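So the structure is just underneath, and the comments pick up after that.
Predicted model, so just to flag it, every value in this text is computed and none were measured. Index from 1, following the sequence.
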Amino acid sequence: MNSMIINEIIGKKVVIHIENATQVVLHRGVLEQADNQFVRLKKDTETIYFSMFKVIAIHPV
């Protein structure tokens with residue numbers, strides 16, 4: 001993913017599409033951090049880290 005574009009949506013609400021075995025799982029929350037290895041998403045009551053290897057797409061909402 002293009003890190004320059006990702007940096008523009010840090011701090012905004014997003015939907016992240018994650019590859020999970022044979023499914024695509026959607027997670028909604030505030031994108032707190034993204035680099036070449038991990039994405040950090042703040043949901044209502046938890047913070048989740050995803051490997052960039054599993055991220056299919058990130059869309060602002």
In one Ile/Leu/Val/Met/Phe/Trp/Tyr side-chain cluster, 4.5 Å: Val30, Val25: no
Shortest non-hydrogen contact from Ala34 toward Asn7: O-OD1, 4.4 Å
Over all atoms of both residues, closest heavy-atom pair of Pro60 and Ile9: CG-CG2, 4.2 Å
Hydrophobic cluster identity match, Leu31 and Ile48, side-chain contacts under 4.5 Å: yes
Step-by-step side-chain contact (heavy atoms from CB on, under 4.5 Å) determination, Val39 to Met52: CA-CA 6 Å; Val39 173; Met52 275 298 231; 3.4 Å; yes
Minimum-distance pair of heavy atoms, taken over all atoms of Arg28 and Val61: NH1-CG1, 3.6 Å
Heavy-atom closest contact (Leu26 atom, His17 atom, distance): CD2-ND1, 2.8 Å
Linked, directly or transitively: Ile10 and Ile58 (ILVMFWY side chains, under 4.5 Å): yes
Heavy-atom closest contact (Asp35 atom, Gln37 atom, distance): OD1-N, 2.8 Å
Side chain to side chain donor-acceptor pair (under 3.5 Å): pairs with one or both residues in residues 41-61, sequence neighbours excluded: His27-Lys43
Contact check, side chains of Val55 and Ile18, non-hydrogen atoms, under 4.5 Å: yes
